[in-house]
Amino acid sequence: MNESIDPNRLPKHIAIIMDGNGRWARSRGLPRIEGHRQGANSVEAALTACGELGIPYLTLYAFSNENWKRPKEELDFLMGLLRTYLANQTERLIKNGVRLQVIGRRDGLSPDVIDAIDQAIEKCKDGAMQTLVLAINYGSRQEIVDAVREIAFDVQQGRINIESIDESTIAKHLYTRDYPDPDLLIRTSGEMRISNFLLWQISYAELLVTSKAWPEFGKEDLYAAVAQYGKRNRRFGGI
Ligand code: IPE
Ligand code: IPE
Ligand code: MG
């Protein structure tokens, strides 16, 4: 293990906003889609590094609700890439004991993408070493809307009282109900924003923005981020 990583101060859950694929490609005179293709390798690197370190949860922002604003050719490429990633990586995920989960809205995704997601989740359901959560067609505000609708319905049906609604009620209705909150949020490619990712869940996450673009983010970068995290003083409002 890397010397500067304190094994007693590891995050349990890392979330990553994988940004900068397009800029990475354009700066090399390549079409944006080449950045996405290359970015798929960084997914492997981050997952492997988390496995080596024994970090049980990794959540990756793969496609946002707002990304539908992009040109059709890019959208087609991204959806195709998702499908091939899910189909081609499943064996590897199973071999490495990775359980796959997907968060986001299904409405809007094409049937073949939904099918690829369902098959991959099913095949990887027994993974006991690591959980990989892919945020696909995900938006945090939409997630909160969905949670509010469910809770309102439960109230309407008389299953819960308004007075009993607390933070745990809300957390239990989010897509992320089965995972601990992220301890460390990484964003690649320099933007200092959250872009509708896990707004509720990152309330007390440590933030780390790197100028590296996602396609050039490697294992050593994840190790460095974890080393950084170990030096942070998390106070959670205390002293
Ligand atoms: C991240 O890279 C991938 C997705 C959002 C799908 P971008 O495609 O946003 O690349 P930049 O930020 O335009 O460089
Ligand atoms: C955030 O990146 C979404 C994903 C990484 C999937 P964007 O590139 O969509 O974010 P903005 O538009 O720069 O805020
Ligand atoms: Mg971007």
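FYI, the numbering just counts along the sequence from 1. Read the numbers this way: they start at 1 and go in the same order the structure lists the ligands and their atoms.
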Pairing donors with acceptors under 3.5 angstrom, does anything connect the side chains of [X] and [Y]?
X: Ser195; Y: Arg187; result: yes
X: Asp166; Y: Thr169; result: yes
X: Arg235; Y: Tyr204; result: no
X: Gln130; Y: Asn96; result: no
X: Glu34; Y: Asn21; result: no

Query raised in the report: Taking the Mg ion (ligand 3) as the center, what protein N, O or S atoms are found at less than 2.8 Å?
Result: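 Hits for the Mg ion (ligand 3) below 2.8 Å: Asp19 OD1.
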
Report task. Determine whether any heavy atom of His36 lies closer than 4.0 Å to an atom of ligand 1. Result ->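 For ligand 1, residue contact (heavy atoms, under 4.0 Å) with His36 is present.
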
**Report entry** Approximate separation, where rounding is to 0.5 Å, of Leu30 CG and Arg26 CZ
**Finding:**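 Spacing of CG (Leu30) from CZ (Arg26) equals 8.0 Å.
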
Query raised in the report: Looking at CG of Asn137 and CG of Leu82, how far apart are the two atoms once the value is rounded to the nearest 0.5 Å?
Result: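 Here the rounded value is 10.0 Å.
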
Query raised in the report: So which protein residues pack against ligand 2 under 4.0 Å, heavy atoms counted?
Result: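 Only Ile17, Met18, Asp19, Tyr61, Ala62, Phe63, Ser64, Asn67, Arg70, Arg187, Arg193, Ser195 have heavy atoms that fall under 4.0 Å of ligand 2, ordered by chain and number.
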
**Report entry** Partner set under side-chain contact (heavy atoms from CB on, under 4.5 Å) for Asp115, not counting sequence neighbours
**Finding:**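 So Asp115 forms a side-chain contact (heavy atoms from CB on, under 4.5 Å) with Gln119.
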
**Report entry** Passing candidate, side-chain hydrogen bond (donor to acceptor under 3.5 Å, both in side chains) with Glu143, options His173, Arg105, Gln201
**Finding:**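 Passing option: Gln201.
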
Report task. Hydrophobic side-chain clustering at under 4.5 Å (ILVMFWY, transitive links): who's grouped with Leu207? Put none if nobody. Result ->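 Traced through the cluster, Leu207 reaches Ile17, Tyr57, Tyr61, Ile103, Val133, Tyr138, Tyr175, Tyr179, Leu185, Ile194, Phe197, Leu198, Leu199, Ile202.
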
